Amino acid sequence: MTRPAVFTIPAHRAFADALAGGLIAMFGGEPLGLARAAILVPNNRAARAINDAFVRRAEGGLLLPRLVAIGDPELDERLGGLLDPIGSDDSDPIPPAIDPLERQMILARLTGEARAAAGDPIDGGEAIRLAGELGRTLDQLLIEQVPPARLRELIDLPDLSEHWQRSLDMLDAILTRWPAERAARGRIDLAERRNLLLDRVRRSWRETPPPGPVIAAGISSTTPAVAKLLGVVARLPRGMVVLPGVDIEPKRRNEWDALGPHKADEEGARPPRPIESHPQFALKRLLDQMGVGRDEVESWRWASGRDARSVRATAIANAMAPAIFTDKWHSLPPEERRLTGVRAIELANPSEEAQVIALALREAIETPGRTAALVTPDRVLARRVTAHLARWGITADDSAGSPLSLTPAGTLLLAIAEAAAEGFAPVPLLALLKHPLVRRGDARGPWLDGARKLDIALRGPRPPGGLDGVTRFLADGDRYTARVRAPAQSWWDEVRPLLEPLEAAFTRPSLAALLPALREAVTILSDDAGWSGPDGRAAADLIAELEATAPLGPAEFQPASLGPTLRLMMDGIAIRPPQGGHPRLSIWGLLEARLQHADLMVLGGLNEGVWPALPSPDPWLAPRIRAELGLGGLDARIGLSAHDFAMALGAPEVIITRARRDARAPTIASRFWLRLEAMTGGMTREHRLPNWAAAIDRPAGERVRFDRPAPAPPVADRPTVIAVTKLDRLQADPFAFYADAMMQLRPLDAVDADPTPAWRGTAVHNVFETWMKVDGCDPDRLIPRAETMLRDMAAHPVMQALWEPRLIEALRWVAERMRAAAAEGRRPIAAEVDGRIEVAGITLKGKVDRIDRLADGTLAIVDYKTGKPPSAAQVKAGFSMQLGLLGLIAEEGGFKDVTGRPLVFEYWSLAKDRDAFGQIRSPVGGRSEILPDDFTTHAAGILTQAVKRWLTGDEPFTAKIAPEYSPYADYDQLMRFDEWYGRGDGEPGA
């Protein structure tokens, strides 16, 4: 029997360059020697890498071999697209493959119908998601040549949980109907077509070997069709198979044999589980399926020109040994566990990690001719590094690209879908209107001006839903909000017609109706900008395919599912940047890095869950069922990731990095990182690059220290009017008063904010004002009035559901108190009345919530509080003088048609007090040590003293004089509070 020609290129050599060098040495002696050869590679990316390796060695010109992609271990690339003409048989043509999106839509319909029949209906969006997972499961069955009919044999498998039993029944029902759907269209599954195509090529080449050399290079897929083809190629007269990083060291034979898969013993006992997470497992399984023994594999003798020392491959193999063999680490000779040329950097967070990686890459390419690459499965880290490199004008060639969902065209589609699905709520609406592709060009400036006006108008709690709700919200409002909303209303009247067709379409639960409206909205809002560029063209193709296949999918599709469904689809579409990045700098994903090395390889994101990634659970097949069917376990992907790591670790110079914490929580170091640490006794740490990264943003020279701000404008420019509610701010935080009254700076509410205490207070005051002015303070009308007004208010439904019942309960208490007060001869005479007087050389103004006339003719000043009233300690310290100042205005006749002397001062708090809502507190008497007769005089004295210091005097407006009485942080950033507070040398007199 012919000895198979199987070779391996060890990890310390760059696979593509070593392969190209060897093939040129073997076949490049004659002009057409290489041109007659065909090289089978795992995917198109590998073909590009090998093609580039040939070009690097093509001195004086070279006719390249034919590069044919047949697939990859991830099974997400099309196998054998270039093999169609080879060995074709017109008498028995292979049917064309069904389009992947068409198949997903049909499977989604079948899934939805199966779930509905089982009494567990799902939405169309969820059906499409499950159909994607089902398609991958079906592909695995077909690729591993497991007939789907075998599922019926497992339906009665004992000890299977009820959940997996139902899932298996449903899967069998769907796959029973699927062949008829496929046959009706004259199509077969893409995976089945690949198998048939590869099998036809295998039989053709076995019977009639090709005249030229055939080399299968870098293929580690363990699928039966590929393995059988490689077995034939290895035995062709001019064929060979070149595998990446097979461990053929005789001393590690026991480790190789321990990987499995193992056969059952004679007694039928269950064999040990295979070690699928080992980097050599997939290669061992491939060789077994090819019928090739480990001893028949030879080492490729040609170098790559950028090799590490051969001892590196030995150290890598030892580090990745199966767990049961790791006890050998303590007895290994130093040279077999030393990783010379490998440095480790552990950073605090991903931001620091990206900065350090960017520095390492930049330093590498400073040397002429030196190449560098970042290898990471973490796309967020890759984008961070790309941004850091851009600071220095370096454009990195990120060959893995970005998902369509993160590109401008993709985010525009998502913004439109989310805005319409959420009833044009403020946040998604503004995100859509401000999207960079909307109204690009000369119209962009005026458009943004209008969008910013709308942004200001929509600040605060959410308005009612829909376009009508936004329109009513802008048209309604009191005299204060009207000043903000009026400028936005005219612009909104022009924008609304553009969105009305979209709103109408999103009332129909049909994907076929939603997609045309989405397409038209993109065109209306962005003209051609939404469909231009690589991302725009990909988005246009996706929408066109979805529109064509939507009628085949679920009959019912909720509009709220469109955004998540689009994101799911777009996440699987990679948009790669056009060529033109730095020629010696690359950013590779794991697929791109499998067959190539750079002079410096930075392996980033070495955390568990990132590299290796967590295995994705199969929602259709339980692990036990997968084992019964002979499918690979979920740990197989970890083994492939481990092989990628081992091959990348073989570069001449390697830096591996990890962050101790991500955006959510502390991280766990990757199992690969921990293995290297344990075997070496501690990897060589790199300190120079982290120090440089820390120095980049460190200011040069002495740091500038900022003292507590204390602006002192001229007395003539100082305010001459003060509101009763602003006295506390003037006394406790004069700078905040200065920013508010003189600089006219006002804090903005968040968009779609939860109702703040101020909003709740305004709502309550509006209820009481209307109740008094319209209903004449009739206690029986308070609750109906409140329910009517609250129903019409703009507030989040959850907020209304949680807060309204508490408020109604408190208002019942108010009604009871009003009945009791009326019985005592106390009656309201004014509500929500503005007043002002001249005092201490300035104007004092205020708005009183309610003034009552007591039976003896004196007045009671009442202020409503939705929270707790001020404490006696605050009043005693000279703060919370609001009621006293309002009493002073009343006493001086500052409120129209109100005369008399105020002697009762009350806070009516609607907050919960022990087990009931509502309480009355007075700031006078008791611990405050202020008599009611003296309160207005006392308040006038406090006011006069403050006015003389800061309004008619020249004392500076110093920040945070009494922090305990200035709890609001509206102006803390403006005053750079954190830079001086608590630092003695930043305070006056220090």
Side-chain angles (χ1 to χ4, degrees), residues 98-142 146-192 421 507-515 545-566 568-569 616-626 628-629 631:
I98 190 169
D99 180 77
L101 189 55
E102 181 180 354
R103 181 180 77 158
Q104 185 171 357
M105 286 298 178
I106 297 173
L107 288 176
R109 173 169 51 81
L110 297 180
T111 301
E113 292 172 355
R115 290 286 291 265
D120 184 21
I122 56 174
D123 173 59
E126 176 64 8
I128 291 174
R129 185 191 70 81
L130 287 174
E133 300 285 352
L134 174 59
R136 283 184 279 275
T137 299
L138 178 59
D139 285 342
Q140 290 182 55
L141 293 172
L142 295 172
V146 177
R150 276 202 60 195
L151 292 172
R152 296 192 188 92
E153 303 172 8
L154 303 176
I155 288 179
D156 298 324
L157 197 66
D159 302 327
L160 196 63
S161 70
E162 183 181 351
H163 163 74
W164 287 117
Q165 186 70 56
R166 290 198 308 268
S167 177
L168 192 58
D169 290 340
M170 197 175 304
L171 181 60
D172 179 60
I174 295 170
L175 296 186
T176 299
R177 297 178 59 189
W178 170 239
E181 294 277 356
R182 188 185 60 193
R185 292 164 175 79
R187 298 287 191 268
I188 61 175
D189 287 290
L190 181 58
E192 183 180 359
T507 60
R508 301 172 58 188
S510 167
L511 183 60
L514 295 172
L515 291 170
E545 292 179 25
L546 282 172
E547 285 193 66
T549 57
L552 304 175
E556 188 166 315
F557 187 94
Q558 293 302 321
S561 298
L562 182 59
T565 301
L566 284 175
L568 179 69
M569 298 288 186
S616 300
D618 187 338
W620 290 99
L621 296 178
R624 182 181 176 187
I625 297 175
R626 293 179 63 88
E628 293 284 345
L629 293 173
L631 301 178

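As a basis for the values below, the full set of heavy atoms in this structure was taken, side chains included, without hydrogen atoms, waters or symmetry mates. For clarity, every value in this text was computed on a predicted model and none was experimentally measured.
Leu562 is listed as a side-chain neighbour of Leu515, based on a closest heavy-atom distance under 4.5 Å. Residues Leu511 and Pro554 fail the side-chain proximity criterion, which asks for heavy atoms closer than 4.5 Å. In this structure the side chain of Trp164 never reaches within 4.5 angstrom of the side chain of Leu621, judged on heavy atoms. Within the 4.5 Å cutoff, the side chain of Leu546 has heavy atoms near those of the Met105 side chain.
Here the CH2 atom belonging to Trp178 is positioned 5.0 Å from the CG atom belonging to Leu107, to the nearest 0.5 angstrom.
Contacts of Ser167 classified as side chain to side chain donor-acceptor pair (under 3.5 Å), with partners at least two apart in sequence or in another chain: none. Arg166 is linked by a salt bridge (charged side-chain N to carboxylate O under 4.0 Å, His left out) to Glu162, counting only residues two or more places apart in sequence or in another chain. Under the side chain to side chain contact (heavy atoms under 4.5 Å, CB included) criterion, Arg136 pairs with Glu133, sequence neighbours left out. Qualifying side chain to side chain donor-acceptor pair (under 3.5 Å) partners for Glu547, counting only residues two or more places apart in sequence or in other chains: Arg519. Under the rule for a side chain to side chain contact (heavy atoms under 4.5 Å, CB included), the partners of Ala421 that lie at least two apart in sequence or sit in another chain are Phe506. Annotation: salt bridge (charged side-chain N to carboxylate O under 4.0 Å, His left out) contacts of Glu628 (sequence neighbours excluded): none. Evaluation of the side chain to side chain contact (heavy atoms under 4.5 Å, CB included) rule for Glu102 yields Ile98, Asp99, Ile106, Arg185, Thr549, Leu552 as partners, not counting sequence neighbours. Scanning for side chain to side chain contact (heavy atoms under 4.5 Å, CB included) contacts around Ala173 gives an empty result, with sequence neighbours left out. Residues passing the side chain to side chain donor-acceptor pair (under 3.5 Å) test with Arg150: none are found, sequence neighbours excluded. Arg109 pairs by the side chain to side chain donor-acceptor pair (under 3.5 Å) definition with Glu181, not counting sequence neighbours.
Contact record, Ile174 with Trp620: CD1-CH2, 3.9 Å, taken as the closest heavy-atom pair. Closest non-hydrogen pair, Pro619 versus Pro617, comes out as CD-O, 3.4 Å.
Salt-bridge check for Glu556 with Arg508: failed, with every basic side-chain N at 4.0 Å or more from each acidic carboxylate O.
The number of heavy-atom neighbours closer than 6.0 Å to CZ of Arg624, taken from other residues, nucleotides and ligands shown, is above 12.
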Legend entry - Residue pair Arg103, Arg187: steps toward the side chain to side chain contact (heavy atoms under 4.5 Å, CB included) verdict: CA-CA 10 Å; Arg103 181 180 77 158; Arg187 298 287 191 268; over 6 Å; no
Name the atoms and distances for all side-chain donor-acceptor pairs under 3.5 Å in residues 121-131, with sequence neighbours left out.
| from | atom 1 | to | atom 2 | distance (Å) |
| --- | --- | --- | --- | --- |
| Asp123 | OD1 | Gln558 | N | 3.0 |
| Asp123 | OD2 | Gly125 | N | 3.0 |
| Asp123 | OD2 | Ser561 | OG | 2.2 |
| Glu126 | OE1 | Arg129 | NE | 3.1 |
| Glu126 | OE2 | Arg129 | NE | 3.4 |
| Glu126 | OE2 | Arg129 | NH2 | 2.7 |

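Under the side chain to side chain contact (heavy atoms under 4.5 Å, CB included) test applied with Asp172, the options Thr176, Leu175, Leu168 reduce to a single match, Thr176.
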